[in-house]
Amino acid sequence: MINEAGDAGRRLKDGCLSRSVAALEALINEDKLILDRVSSLTGFFINDSTPLHVAALRGHLDFVKALLTRKPEMVTELDSSRSSPLHLACTKGHFEIIEELLRVNTNVCLSRDEDGMYITFKHMYSNSIKVIHSRVFGDAGRRLKDACLSGSVAALEALINEDEFILDQVSSLTGFFINDSTPLHVASLRGHLDFAKALLTRKPELATELDPSWSLPLHLACTKGHCEIVEVLLWVNTNVCLGRDEDGTHYYISFL
């Protein structure tokens, strides 16, 4: 509790709420372990937040930078709702803070909150999502998106040769495509047969991934009558046709 941190703890709390970097630096000069002791004290801030949670929520950019300089591992700490500082910055659209947090640790965007939701799914600030995708994927992400939309297998293979894990990263980041689709959803909807085959060769489990509407790539291929893609998807996993959509309807019934 705050009493355990004493006067220094109260001053840290005041400095955090008022965004005073000077107060933070003065405290750290007096007690170099103050941030470690506060991080280990539940109940110091509401909802067991760290100073970085509070600064990220309030939009205190300079204070965030000062905290991360002193204790960068704060970026991965979760509050009692399993929210990271990045969650909170996203909910308020503090884009500069989002970039700063991702600069320290890009993998933090893959954490889940108490509902098991990825941050970009639950906190749908479209500009926040753009910042996250830009920071995590950079030019490679934009090129993957362009390749997917155009159906360019050559561009896909070039990207995978540069980063063999790019499909895993994209699949785990909701919001990368419209309606949280995977590249295979997009290829199945647009009828890009060769692109769908290339994706399934590299990552066959994409065939069973759902978007938030409980739609599989097979759903989308069926709705557009892309029979060859339907065949390829079923060849990879015949059981996929036994799934149900968000209304509980079997795929083969809902698209008859």
Side-chain angles (χ1 to χ4, degrees), residues 109-110 112 115-126 128-130 132-134 136-160 163-256:
C109 64
L110 303 180
R112 300 173 184 258
D115 300 318
M117 300 292 187
Y118 289 109
I119 58 171
T120 51
F121 180 77
K122 190 171 185 181
H123 307 301
M124 275 296 196
Y125 258 84
S126 61
S128 300
I129 294 169
K130 289 176 184 176
I132 289 172
H133 292 160
S134 175
V136 175
F137 298 108
D139 181 61
R142 288 186 291 273
R143 287 163 57 202
L144 174 60
K145 204 164 188 176
D146 291 342
C148 188
L149 295 174
S150 65
S152 173
V153 175
L156 173 66
E157 291 178 345
L159 280 165
I160 292 174
D163 180 359
E164 61 181 313
F165 298 112
I166 192 163
L167 293 179
D168 299 290
Q169 292 173 311
V170 169
S171 294
S172 63
L173 262 188
T174 54
F176 192 81
F177 288 98
I178 295 173
N179 200 33
D180 297 335
S181 303
T182 67
L184 186 59
H185 282 87
V186 178
S188 299
L189 183 65
R190 288 175 169 250
H192 297 326
L193 175 61
D194 290 337
F195 199 87
K197 287 180 178 178
L199 288 170
L200 290 167
T201 298
R202 294 285 189 167
K203 194 168 189 285
E205 57 268 32
L206 281 171
T208 60
E209 292 195 17
L210 301 168
D211 66 17
S213 299
W214 283 60
S215 293
L216 285 165
L218 182 64
H219 269 98
L220 306 184
C222 285
T223 61
K224 295 297 183 179
H226 298 315
C227 302
E228 290 179 297
I229 292 180
V230 170
E231 286 191 5
V232 169
L233 292 168
L234 291 173
W235 177 82
V236 171
N237 188 336
T238 54
N239 290 330
V240 76
C241 65
L242 302 179
R244 300 173 183 268
D245 64 16
E246 63 181 340
D247 299 319
T249 306
H250 282 293
Y251 304 145
Y252 64 85
I253 295 176
S254 59
F255 297 112
L256 278 177

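Atom set for the values below is all heavy atoms of this structure, side chains included, hydrogens, waters and symmetry mates excluded. A quick note: this is a predicted structure, and the numbers were derived from the prediction, not measured.
Between the CG atom of Leu233 and the NE2 atom of His226 there is a distance of 11.0 Å, given to the nearest 0.5 Å. Note that NE2 of His192 is 7.0 Å distant from SG of Cys148, once rounded to the nearest 0.5 Å. Here Asp194 contributes atom CG and Ile229 contributes atom CD1; the two are 9.0 Å apart, rounded to the nearest 0.5 Å. Taken to the nearest 0.5 Å, the CD1 atom of Ile166 stands 12.0 Å off from the CZ atom of Arg202. Expressed to the nearest 0.5 Å, how far CG of Leu184 lies from CG of Leu218 amounts to 10.0 Å. From Leu167, atom CG reaches atom CG of Leu144 across 6.5 Å, with rounding to the nearest 0.5 Å.
Applying the side chain to side chain contact (heavy atoms under 4.5 Å, CB included) criterion to Val232, with sequence neighbours excluded, gives Leu193, Lys197, Leu200. Taking Ala158 as the reference, nothing meets the side chain to side chain contact (heavy atoms under 4.5 Å, CB included) condition, with sequence neighbours excluded. With sequence neighbours left out, the side chain to side chain contact (heavy atoms under 4.5 Å, CB included) criterion links Leu189 to Leu220, Thr223, Lys224.
Environment of CD in Glu228: sparse, with no more than 12 heavy atoms of neighbouring residues, nucleotides or ligands closer than 6.0 Å.
Annotation for Ala207 and Val236: closest pair CB-CG1, 4.3 Å, computed over non-hydrogen atoms. Contact between Glu209 and Pro217 at its shortest, heavy atoms only, is O-CD, 3.5 Å. Nearest heavy atom pair, residue Ser152 against residue Phe195, reads O-CE1, 3.3 Å.
If you check the side chains of Ser188 and His185, you find no donor sitting under 3.5 Å from an acceptor.
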